[in-house]
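Reading through the C-alpha cells given below for one structure.
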Amino acid sequence: MILHDPNASAALLDGIRAFIEPAHVRTDADSGLHYGRDWTRLHTPNPLAVVLPGNIEQVQQLVCYANEHRLALVPSGGRTGLSGAAVACQGEIVVSMERMNRILDFDPTDRSVTCEAGVVTEVLQNFARDRGLYYPVDFASRGSSQIGGNIATNAGGIKVIRYGLTRDWVTGLKVVTGRGDLLDLNRGLIKNASGYDLRHLFIGSEGTLGIIVEATLNLTRPLREPVVMVLGVPDLDSIMSLYHIFRNKLELSAFEFFSELALRHVIAKGLHRPFEAQTPYYVLVEFENPDGRHTDTALSLFENCADQGWLADGVISQSQAQAQELWRLREDISESIAVYQPYKNDIALRISRVPAFLTEADALLTREYPDFEVLWYGHIGDGNLHINILKPADLDTVAFAAKCGTVSEQLFTVLQRHGGSISAEHGVGLLKKPYLHYTRDETEIGYLRAVKQAFDPNGIMNPGKIFD
Ligand code: S2G
Ligand code: ZN
C-alpha cells in the first residue's frame, strides 16, 4: 500500500524538483484535472502532482526516487483510454510523457521509425505517409493518443482485420521498469530467439510494469486507392453472411458494423444518411481497389447478397473524399454519444462465436433492460463488439453505473460461456477490474501478479489497475 503524509508532500516534491525542472513538477488544480484522468468520468482526479520528464534519465531518476519514498506513479500518454487505466485519484504522481515527443530515427531499409513515447499517433502516421509509407494502426482518437499509450494498451482500432494490433508493429521497446532499470528490448530485430520476449509483456501492461519511453515501429506500404462500401443489413445473421462472402472474395482492410440507433446519433450531428433505406444494422467494408480492378467483384457481391436478402441497400465510394465521409458514419459514433456518458463494454469473441453471442446478449438486454438505449457497433472482423448503454436522463451517474454493473455481470456470464474476453482493446484499468475473473482464472491471475512482482516489487507502478 502506497501511503504518504500530505505534510511531507512538499518536501517530497522538492526532492523531485532537484532533478526535474520545477516548471515540470506541477501541483495546480487545472493540471491535476487535465492530467489526472482519461476519457472515463467515474473517478475524481486527485494526483499529488503531475511530473513531465524531458528524457529517459529523468524518468529513471523519478522511478528510483518513487521506490525510495514509496510514491505511486501513473504513466500518462494522450489519456484517451476508456477503462480508467490513466486515472490518478489517490494521490499518485502522474508521469506525463508529452514532453518526450521526438521522432528519433527512420530507416528506409528496415522501413522502421524510432520515436519517443509522447509522439501523437497521427504525427507518426503523417511522418510515415510523407515518406511513402503507412503506420496501419488507426482509430478515431489518433489526433490526441500517444504512441506510448497505444503500446501500453495494445491499441487496435479499425484496420486490425488486415494489419493486426499495435503489438504486431512494435519491433523495439525501451522501458524503465518499476525497479528503475532501463531495458532496451528486441532493438528492432525481426527475428530474435534469445529467450523470453519481454517486449510483449510491456505491450498491453497499462503502465503496471514500468514506463514505456521509446519505441521502434515497423511501417508498410500504403493502401492503394481504398474503397469503402456501406451496406444496409436486416439482421445479425446477415452481417455474418456478408462477412464470409466479402472476406472470401476481397482482401478487406476493414469490416465494421453499427446499429441504426448508433447511426441516428451520428446523423444528429449533421452527417448524411448513406442511402434512403433505414435498416437495423449497417456494415462498412473497406478494400484496396487499384485501377478499379475489384469494382466488378464488389458490385457482383452486392447483387448476390441483395438476392439472398442479406442487404437492403448500399453505397460504394466514388472518391477518397466520399470514402472518408462514409468512414465518419462509423468513426464519429463514440464522440456523438459521449454527451450521454455511455456505459461501455468492449468485448472480444472468436468470430465463429459472434452470431450466437450477439443474439443471446441482444435478447438479454431487450428483456431485462427495455428502458435502456443500447448501441451496438464495432470491429466484427476481429470479433470485437462495442456495447454502449446510454445513461437515461432521469438516472444519476452513480445509480446508472451500479445498474450497468449488473448488466456487465449478466453479459460477462454469457460471454464466459462463449469463451470471450471482457476487454478486446480498451484494456482493464479500473473499470473492468471487478470482472477480470470472467476472463482470467485465479491461477492465471497469480501468474500476472508474479510478473508484476518481478518488474515492480514495491508496487509503485499504476497500483490498483488491472488487478490488486
Ligand atoms: C470504437 C472507440 C471508443 C468507444 O469506436 O471502435 O473503440 O467509443 C471504439 O468505444
Ligand atoms: Zn473499437
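Just the heavy atoms: all of them, side chains too, but no hydrogens, waters or symmetry mates, feed the values below. One is the number of the first residue; the rest follow in order along the sequence. Whatever order the structure lists them in is the order used to number ligands and atoms, beginning at 1.
- Comment: E116 does not engage K174 in a salt bridge, judged by the lack of any side-chain N to carboxylate O separation of less than 4.0 angstrom.
- You'll find the ring centres of Y438 and F412 inside the 6.0 Å limit.
- The aromatic ring centres of F246 and F287 sit 6.0 Å or more apart.
- For the pair K432 and Y343, the cation-pi criterion (under 6.0 Å, within 45° of the ring axis) is fulfilled.
- Summary: NE2 is the N/O/S atom of H379 found nearest to the Zn ion (ligand 2).
- Near H379, meaning under 4.0 Å from any of its heavy atoms, are these atoms of ligand 1: 6 (O).
- Contacts between E331 and ligand 1 below 4.0 angstrom, taking non-hydrogen atoms only, are absent altogether.
- Salt bridge E286/R330: absent, no basic N to carboxylate O contact under 4.0 Å.
- Per-residue contacts place E425 under 4.0 angstrom from the following atoms of ligand 1 (heavy atoms of the residue considered): 6 (O), 7 (O).
- The Zn ion (ligand 2) has an N, O or S atom of H386 inside 2.8 Å of it.
- In L82, the part holding a heavy atom less than 4.0 Å from any atom of ligand 1 is the side chain.
- For atom 1 (C) of ligand 1, the closest non-hydrogen atom on the protein side is R330 NH2, 3.4 Å.
- The shortest contact between atom 9 (C) of ligand 1 and any protein heavy atom is with H386 NE2, 3.5 Å.
- Ligand 1 has no atom lying under 4.0 Å from any heavy atom of F139.
- The distance between the ring centers of F258 and H386 does not fall below 6.0 angstrom.
- For the atom pair SG (C89) and CG (L430), the distance works out to 6.0 Å, reported to the nearest 0.5 Å.
- Among all protein heavy atoms, the one lying closest to atom 10 (O) of ligand 1 is H426 CE1, 3.1 Å.
- The Zn ion (ligand 2) is closest to atom OE2 of E425 (considering only N, O or S atoms).
- The atoms of ligand 1 that sit less than 4.0 Å from any heavy atom of Y377 are 4 (C), 5 (O), 8 (O), 10 (O).
- Within 6.0 Å of the NZ atom in K433, the count of heavy atoms belonging to other residues, nucleotides or ligands exceeds 12.
- Backbone and side-chain nitrogen or oxygen atoms of S334 are examined, and one is located within less than 3.5 angstrom of a nitrogen or oxygen of ligand 1.
- A salt bridge links E288 and R162; the closest N-O separation between the charged side-chain nitrogens and carboxylate oxygens is under 4.0 Å.
- D346 lies apart from the Zn ion (ligand 2) in this respect, since none of its N, O or S atoms is found at a distance under 2.8 Å.
- Ligand-side atoms of ligand 1 in range of K344: 4 (C), 8 (O), 10 (O), range being under 4.0 angstrom from any heavy atom.
- Under 4.0 Å is where a charged nitrogen must lie from a carboxylate oxygen, and between D28 and R26 no such pair does.
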